[in-house]
There are 4 protein chains.
Amino acid sequence: MRTCDPKRGLLILDAAAQLFAKHRYHEVRMDDIAAHAGVAKGTLYRYYKDKEELYLALTIHGLQGLYEEAHGQIAGPGDPDQKLRDFIERIVRYYEQYPYFLELIQRIESSGSSTSLAALQDVRAQWFELVTDLIKQLADADLCSAEHPDLAALALVGIIRGILRFTPQPWPDHLAEWIYDLFMHGHARGEQNLSHVGNGAIAQSARGK
Amino acid sequence: MRTCDPKRGLLILDAAAQLFAKHRYHEVRMDDIAAHAGVAKGTLYRYYKDKEELYLALTIHGLQGLYEEAHGQIAGPGDPDQKLRDFIERIVRYYEQYPYFLELIQRIESSGSSTSLAALQDVRAQWFELVTDLIKQLADADLCSAEHPDLAALALVGIIRGILRFTPQPWPDHLAEWIYDLFMHGHARGEQNLSHVGNGAIAQSARGK
Amino acid sequence: MRTCDPKRGLLILDAAAQLFAKHRYHEVRMDDIAAHAGVAKGTLYRYYKDKEELYLALTIHGLQGLYEEAHGQIAGPGDPDQKLRDFIERIVRYYEQYPYFLELIQRIESSGSSTSLAALQDVRAQWFELVTDLIKQLADADLCSAEHPDLAALALVGIIRGILRFTPQPWPDHLAEWIYDLFMHGHARGEQNLSHVGNGAIAQSARGK
Amino acid sequence: MRTCDPKRGLLILDAAAQLFAKHRYHEVRMDDIAAHAGVAKGTLYRYYKDKEELYLALTIHGLQGLYEEAHGQIAGPGDPDQKLRDFIERIVRYYEQYPYFLELIQRIESSGSSTSLAALQDVRAQWFELVTDLIKQLADADLCSAEHPDLAALALVGIIRGILRFTPQPWPDHLAEWIYDLFMHGHARGEQNLSHVGNGAIAQSARGK
DNA sequence: AATGAATGAGCTTTCATTCAT
DNA sequence: TATGAATGAAAGCTCATTCAT
């Protein structure tokens with residue numbers, strides 16, 4: 001749709017994000033989104049062809065934002081190991097700020113036939129390429145295995161997702177670092193790596209406080 | 001949910017599983033499920049109160065099945081390290097056989113107010129307790145860190161989910177083992193461990209197995 | 001649509017006919033049709049895919065009915081001249097009974113892309129073929145010109161339509177006969193042909209009584 | 001309807017005419033008309049109160065144009081028979097030039113409550129009076145029946161309409177003359193009169209013209 | 001006066017649920 | 001008990017109309 005006023009387009013997206021994060025797709029009514037965004041229902045359809053496209057735009061927007069945040073740094077020069085730490089930190093922070101995105105990202109599905117579905121595929125591919133690229137940089141610096149960087153990327157994202165999704169906010173400090181350690185060094189020899197975390201906020205929250 | 005003929009109840013569940021795996025909740029119509037199961041639409045309502053309950057029953061059934069498969073072995077005696085390897089292997093196989101479950105498991109959401117929602121929470125808790133327990137066994141045997149077994153459990157499940165979900169089948173041989181390695185030893189020193197993935201079972205002896 | 005209960009299908013069609021005759025397409029709401037037919041709105045969609053198809057079915061049904069009434073007699077043996085008289089009579093009567101059809105017939109248009117649009121074309125072609133055939137029979141019996149039977153058919157239907165549509169009911173007796181005379185002998189020498197009508201009801205109604 | 005710039009008013013009317021001729025009332029959107037006329041949507045409402053009035057103005061405009069073309073000649077002195085021939089010729093030509101009018105004219109319906117509906121009734125009455133008047137002139141000159149000039153008028157218009165509407169352009173030569181013959185002399189003795197249709201103007205002298 | 005983005009009433013359509021058979 | 005036609009509440013979507021610019 002020809003977005004006339006970009007600001008309003010984002011206003012709608014933001015309202016939708018909050019609702020789609022709390023409720024399932026079919027539980028969110030266009031009326032609700034409109035009311036939440038403070039616009040008329042018809043306006044939604046000026047900016048997005050239909051409910052599905054609004055939903056896709058939302059997911060794409062989220063991925064895009066995260067991608068753009070990370071891209072500049074990862075693509076640039078620098079120590080790959082530090083880049084990885086920063087990257088994880090960044091995602092954790094992004095989720096802290098936009099917790100609903102965590103819910104949205106996992107609802108990406110083989111939906112209909114919308115044209116903008118292709119756009120989503122693109123951003124997603126772009127995103128995974130970025131993560132894979134980061135891991136390749138590590139491998140090039142001999143900091144990790146050069147085998148299956150793609151699987152490693154999936155694993156990394158899986159860890160982050162799995163932990164953040166089921167750990168209630170606010171998350172403890174050093175969570176990002178803990179994730180880094182697990183990904184790089186594994187849980188088997190995690191004792192020494194976790195030492196600095198065991199005294200921090202993680203242990204508290206994880207043990208039910 | 002006065003299940004009259006249990007066989008028919010499962011028939012319905014199975015039909016529903018296939019549809020819910022391929023399409024989103026709101027895209028699956030009760031008509032479709034009925035047609036797929038070869039029963040009349042009204043019959044669905046003899047076995048499940050409504051669409052939501054059918055959906056929950058489906059997820060619970062899947063989790064339960066996986067839980068029961070794993071429980072006997074994990075709870076029993078034996079080498080914790082071997083148990084973990086077997087456990088991962090088991091999940092990978094389960095997903096190989098019931099790929100739709102992979103989709104279903106991540107759709108567990110803060111749904112409505114259904115009474116059987118509690119049942120789902122229970123199975124899920126039960127399931128995570130099982131995984132956490134396994135990791136504790138490892139820690140007791142001094143095979144891994146004793147800190148944050150719950151976070152480690154989330155990470156493990158996250159890795160598995162992340163990889164299986166986005167890796168098209170057929171999966172490479174020894175995928176389960178690769179996951180085990182990553183989880184236990186991390187990606188940093190993964191080079192030697194990964195050599196066998198996709199090339200057959202070469203590196204098994206290298207790690208003393 | 002798989003018409004389950006044909007009786008109900010006609011019930012709906014009949015209700016729709018009355019409404020479409022009095023109001024324009026966009027002025028008739030599906031709610032109205034449902035209420036008029038004494039069924040629920042959803043039922044309409046069991047029998048007809050959408051509003052357009054319901055509308056087309058209606059027109060087709062009307063044409064079909066008129067066609068079938070006339071076909072048997074025209075196709076059979078007999079005096080062509082008498083057949084023509086009977087035919088006109090028949091249409092006039094049909095319109096008397098189903099005045100709404102008069103309105104519907106002229107709304108046949110190059111509408112959407114519905115598949116049943118083809119069906120409509122068929123019935124219409126069938127119908128005009130019937131009239132043309134009748135005129136050819138007259139020509140074969142040397143009762144009229146053999147030239148342009150198709151144009152003559154169009155003219156005949158045009159006369160009937162033009163008169164009936166703008167003449168308020170109840171129509172005078174012998175109207176059909178007057179039409180026959182005009183079509184066959186023209187208005188120039190109409191005086192003697194109309195003699196029997198001038199004393200009937202036509203003159204009364206036409207002159208404003 | 002405070003028409004500010006009459007030229008623009010006609011521009012809109014012309015754009016609307018083309019669209020309403022090809023599509024049904026509810027299929028034509030104000031957006032379409034505006035786009036077609038090259039003006040903004042809001043402008044339409046400066047010239048016409050609402051969609052209905054725009055539609056009525058269009059029909060009235062068409063009828064008015066046809067009326068004005070014909071009026072001067074019919075009302076003036078001259079041979080009634082020749083006037084009739086000219087009249088039919090004129091309508092055929094008018095339709096040839098503005099085929100959409102043929103579609104519009106038949107969509108005059110018991111529409112809403114618009115005030116300008118009365119105006120339409122007026123033009124229509126005016127129009128039929130003109131035709132009826134012409135036929136009365138013929139009767140006065142003893143060239144046709146003096147009975148039911150109103151019915152004859154309806155029949156004449158019906159013939160023209162019926163033929164033009166369903167005969168694809170380009171129409172055969174002398175179509176107007178053929179219509180004249182049918183109306184005046186009927187189809188029964190049409191054989192000699194019709195011979196020239198499509199074969200050129202042969203039979204003119206035969207009828208003393 | 002002209003514009004066209006915003007509006008929202010009201011329409012079509014869907015589909016979970018019911019219930020007479 | 002199983003059925004599937006009927007239901008109608010609820011949703012998505014449209015588009016004539018308005019009005020700030």
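Since we're looking at a predicted model, the values are computed, not measured. Only this structure's heavy atoms are used, side chains among them; waters, hydrogens and symmetry mates stay out. Here is the naming used below: chain letters follow the sequence lines, and residue numbers restart at 1 for every chain.
Between E:dA9, F:dA2, F:dT7, one nucleotide has an atom nearer to the side chain of C:Arg46 than all others, and that is F:dT7. Of the candidate nucleotides F:dA16, F:dA10, E:dA2, F:dA10 has the atom nearest to the side chain of C:Lys41. Closest approach to the C:Ala40 side chain among E:dT3, F:dG8, E:dT12 is made by F:dG8 (side chain taken as heavy atoms from C-beta onward). Nearest to the side-chain atoms of C:Tyr45 among the listed nucleotides E:dT17, E:dT13, F:dC15 stands E:dT13. For A:Arg29, whose side chain is taken as the heavy atoms from C-beta onward, the closest listed nucleotide among F:dA11, E:dA6, E:dT3 is F:dA11.
Counting heavy atoms from C-beta outward, D:Tyr45 and D:Met30 have side chains that approach closer than 4.5 Å.
Rounded to an integer number of Å, the gap from CD of C:Glu52 to P of E:dC11 is 18 Å.
Counting distance only, with no hydrogens placed and no angle test, the side-chain atoms of D:Lys51 and the base atoms of F:dT17 include no donor-acceptor pair under 3.5 Å.
Considering only side-chain N and O atoms, B:Thr43 lies nowhere under 4.0 angstrom from the phosphate OP1 or OP2 of F:dA2.
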- Intermediate values then yes/no, side-chain contact (heavy atoms from CB on, under 4.5 Å), B:Leu13 and B:Tyr48: CA-CA 10 Å; B:Leu13 230 45; B:Tyr48 307 96; 3.3 Å; yes

- Query: Which is it for B:Arg24 and A:Arg24 under the side-chain contact (heavy atoms from CB on, under 4.5 Å) test, yes or no, and what are the steps along the way?
  - Reply: CA-CA 10 Å; B:Arg24 323 235 269 307; A:Arg24 322 238 270 307; over 6 Å; no

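Counting only N and O atoms by type, the side chains of D:Glu27 and C:Tyr25 include no donor and acceptor under 3.5 Å apart.
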Can you list, pair by pair, the side-chain donor-acceptor contacts under 3.5 Å of residues 32-40 of chain A, counting residues two or more places apart and other chains?
unit_1, atom_1, unit_2, atom_2, d
A:Asp32, OD1, A:Arg29, NH2, 3.3
A:Asp32, OD2, A:Arg29, N, 3.3
A:Asp32, OD2, A:Arg29, NE, 3.3
A:Asp32, OD2, A:Arg29, NH2, 3.3

- Message: For Watson-Crick and G-U wobble pairs within 3.5 Å on both distances, what is DNA chain E written in dot-bracket notation, | included for inter-strand pairing?
- Response: .||||||||||||||||||||

